[in-house]
S.K.: 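One structure is given below, represented as structure tokens, and several questions about it will come after.
Nothing here was measured: the structure is a model prediction, and the numbers come from that model.
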Amino acid sequence: MDNLQEKSRKAANKTAQAPEAAGPDVAGSLPLYASPRAVHSRTHADVAVLTGAGDYAFAASAPMVQLTVDEFERAGLDYPIVFFGEDAQPYAVTSLEADRNQFIVDGQFRAGSYIPAYLRRYPFVFARDENSDRLILCLDHASSRVGKRGDDGAAPLFEGDEPTAATRQALDFCETYVAADGRTRNLVALLREYDLLAGQQSHYTAPGAEQPTLLLEFQTISAQKLAELSDEAFLRLRTLGALPAIYAQIASQANWERLPLTA
């Protein structure tokens, strides 16, 4: 098996595309993106993005945010990291409440808290073209960061038919994210191959309540199963570079106790 980083870099190079034809149809669900539209020079000639400090109010009601494997070590210092859903997508848990991100106050992240790449790439995102296999750069027009050419602090997306530095930077960031997403899928495949994922539940007992409330059913990496691996299997995980992310995810479970304290 190829190294995790090498495999995902190849996948990113095959799928990442600059904006070309106008009006492709976007496929798939894009959580937190309310009005994503394909970026191209004909329809975005006068569209700009506002630079400066980011407003994260769009994620203020997100109790979980997607993560890639590249983020486990840093994100694991602040959030519990869980695997959720049929595809075991990793998430950072940001709240014990269903419609709240406890780390965002007045549109800004708490000082020193890690901001997941899923949020940092906003309002840009790669989406799949329904009519082909390529990924296209999209912009969420519902974002407060989207403005018009000439607005204060606004960076246009195009000069004529050519993408500006702001657009090229967005492309680069999204390409990097696609590569990291590939590494994440490879890690999940390894965890499943060695049966390292275990089902867990998160409960919360409110002050004065007699019974705890079930908050979330998820999967986590079992430290016991990891310890029971054969030497050969453990060496393979080390060779593939999977161990730092595995240990970071296990250690992140201590952050469940911190969540009520961040409110």
Side-chain angles (χ1 to χ4, degrees), residues 1-16 28-32 59 62-94 101 103 109 113-122 124-128 135 172-200 202 216 218-227 229 233-256:
M1 179 181 290
D2 291 342
N3 180 275
L4 294 174
Q5 185 171 356
E6 292 175 351
K7 290 184 67 175
S8 50
R9 184 184 297 116
K10 293 176 183 177
N13 290 337
K14 289 174 62 179
T15 57
S29 172
L30 299 171
L32 302 182
M64 298 196 305
V65 178
Q66 289 186 22
L67 285 178
T68 67
V69 64
D70 294 16
E71 304 175 89
F72 278 23
E73 291 181 77
R74 177 59 187 88
L77 299 178
D78 293 323
Y79 313 103
I81 299 173
V82 302
F83 298 90
F84 185 74
E86 293 183 3
D87 58 352
Q89 169 68 46
Y91 284 84
V93 179
T94 64
N101 182 333
F103 289 82
F109 263 82
S113 298
Y114 177 74
I115 304 175
Y118 189 93
L119 304 182
R120 283 185 280 119
R121 70 178 175 177
Y122 187 84
F124 292 98
V125 65
F126 269 158
R128 193 166 300 280
L135 294 175
D172 289 343
F173 194 98
C174 289
E175 286 180 359
T176 300
Y177 191 89
V178 167
D181 187 58
R183 289 188 285 276
T184 305
R185 291 195 299 271
N186 290 337
L187 173 68
V188 171
L190 280 173
L191 298 177
R192 285 176 162 168
E193 179 181 349
Y194 291 111
D195 191 29
L196 291 178
L197 293 176
Q200 294 286 339
S202 173
L216 180 70
F218 59 94
Q219 294 183 85
T220 187
I221 298 172
S222 169
Q224 179 179 345
K225 290 183 176 182
L226 180 66
L229 284 178
F234 188 85
L235 178 60
R236 181 165 177 251
L237 291 178
R238 190 185 73 178
T239 301
L240 292 174
L243 290 181
I246 287 174
Y247 285 123
Q249 193 278 332
I250 293 173
S252 77
Q253 300 310 292
N255 290 324
W256 285 108

S.K.: Identify the heavy atoms of F173 and A117 that sit nearest to each other, and give their distance.
M.R.: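 Looks like CE2-O, 3.7 Å.
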S.K.: Shortest non-hydrogen contact from K225 to D195?
M.R.: CD-O, 2.9 Å
S.K.: Kindly indicate, with the supporting measurements, whether the criterion side chain to side chain contact (heavy atoms under 4.5 Å, CB included) is fulfilled by L196 and L190.
M.R.: CA-CA 8 Å; L196 291 178; L190 280 173; over 6 Å; no
S.K.: Do V93 and W256 have side chains that get closer than 4.5 Å, going by heavy atoms?
M.R.: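 The answer is yes; the side chains approach within 4.5 Å.
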S.K.: Run the side chain to side chain contact (heavy atoms under 4.5 Å, CB included) check on F83 and I221 step by step: do they pass?
M.R.: CA-CA 9 Å; F83 298 90; I221 298 172; 3.8 Å; yes
S.K.: Could you work out, with side chain to side chain contact (heavy atoms under 4.5 Å, CB included) as the rule, every residue matching T220, not counting sequence neighbours?
M.R.: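 T220: side chain to side chain contact (heavy atoms under 4.5 Å, CB included) contacts with Q200, F218, Q249, Q253.
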S.K.: To check you understand the geometry: which heavy-atom pair defines the closest contact between F72 and I81, and what is its length?
M.R.: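 Here F72 and I81 meet closest at O-CD1, 3.6 Å.
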S.K.: Decide yes or no for L77 and N255: does some side-chain heavy atom of the first lie under 4.5 Å from some side-chain heavy atom of the second?
M.R.: no
S.K.: Check side-chain hydrogen bond (donor to acceptor under 3.5 Å, both in side chains) between R120 and all other residues, then give those that pass, not counting sequence neighbours.
M.R.: Y114
S.K.: With rounding to the nearest 0.5 Å, note down the distance linking CG in L243 to CZ in R238.
M.R.: 8.0 Å
S.K.: Please enumerate all residues that pass side chain to side chain contact (heavy atoms under 4.5 Å, CB included) together with A233, with sequence neighbours excluded.
M.R.: Y194, L229, S230
S.K.: Decide yes or no for P116 and F109: does some side-chain heavy atom of the first lie under 4.5 Å from some side-chain heavy atom of the second?
M.R.: yes
S.K.: Give me the atom names and distance for the closest heavy-atom approach of A62 to L32.
M.R.: CB-CD2, 4.1 Å
S.K.: State, with a plain yes or no, whether a side-chain heavy atom of F103 is found less than 4.5 Å away from one of I115.
M.R.: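 Not in contact.
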S.K.: By the side-chain hydrogen bond (donor to acceptor under 3.5 Å, both in side chains) test, which pairs, at least two apart or in different chains, include something from residues 77-89?
M.R.: R74-D78
S.K.: Could you list the donor-acceptor pairs under 3.5 angstrom formed between side-chain atoms of residues 63-70 and any protein atom two or more places apart in sequence or on another chain?
M.R.:
residue : atom : partner : partner atom : Å
T68     : OG1  : E71     : OE2          : 3.2
D70     : OD1  : R183    : NE           : 3.0
D70     : OD2  : R183    : NE           : 3.3
D70     : OD2  : R183    : NH2          : 2.5

S.K.: Would you say Y177's side chain and F126's backbone share a donor-acceptor pair under 3.5 angstrom?
M.R.: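 The answer is no, because no donor-acceptor pair under 3.5 Å joins these two groups.
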S.K.: Using the side chain to side chain contact (heavy atoms under 4.5 Å, CB included) criterion, which residues pair with V125? Sequence neighbours excluded.
M.R.: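 V125: side chain to side chain contact (heavy atoms under 4.5 Å, CB included) contacts with L30, Y33, R121, C138.
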S.K.: Taking the side chain as C-beta and beyond, is there a heavy-atom pair between I246 and L191 under 4.5 Å?
M.R.: yes
S.K.: Minimum heavy-atom separation for G85 to Q219, with atom names?
M.R.: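 Smallest interatomic distance, heavy atoms only, reads O-NE2, 4.2 Å.
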S.K.: For the atom pair CZ (F234) and CG (L226), what is the distance rounded to the nearest 0.5 Å?
M.R.: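 One gets 6.0 Å once the value is rounded to the nearest 0.5 Å.
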S.K.: If you count every heavy atom of other residues, nucleotides or ligands that lies below 6.0 Å from F84 atom CZ, does the total exceed 12?
M.R.: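 No, CZ of F84 has 12 or fewer neighbouring heavy atoms, counting only those of other groups under 6.0 Å.
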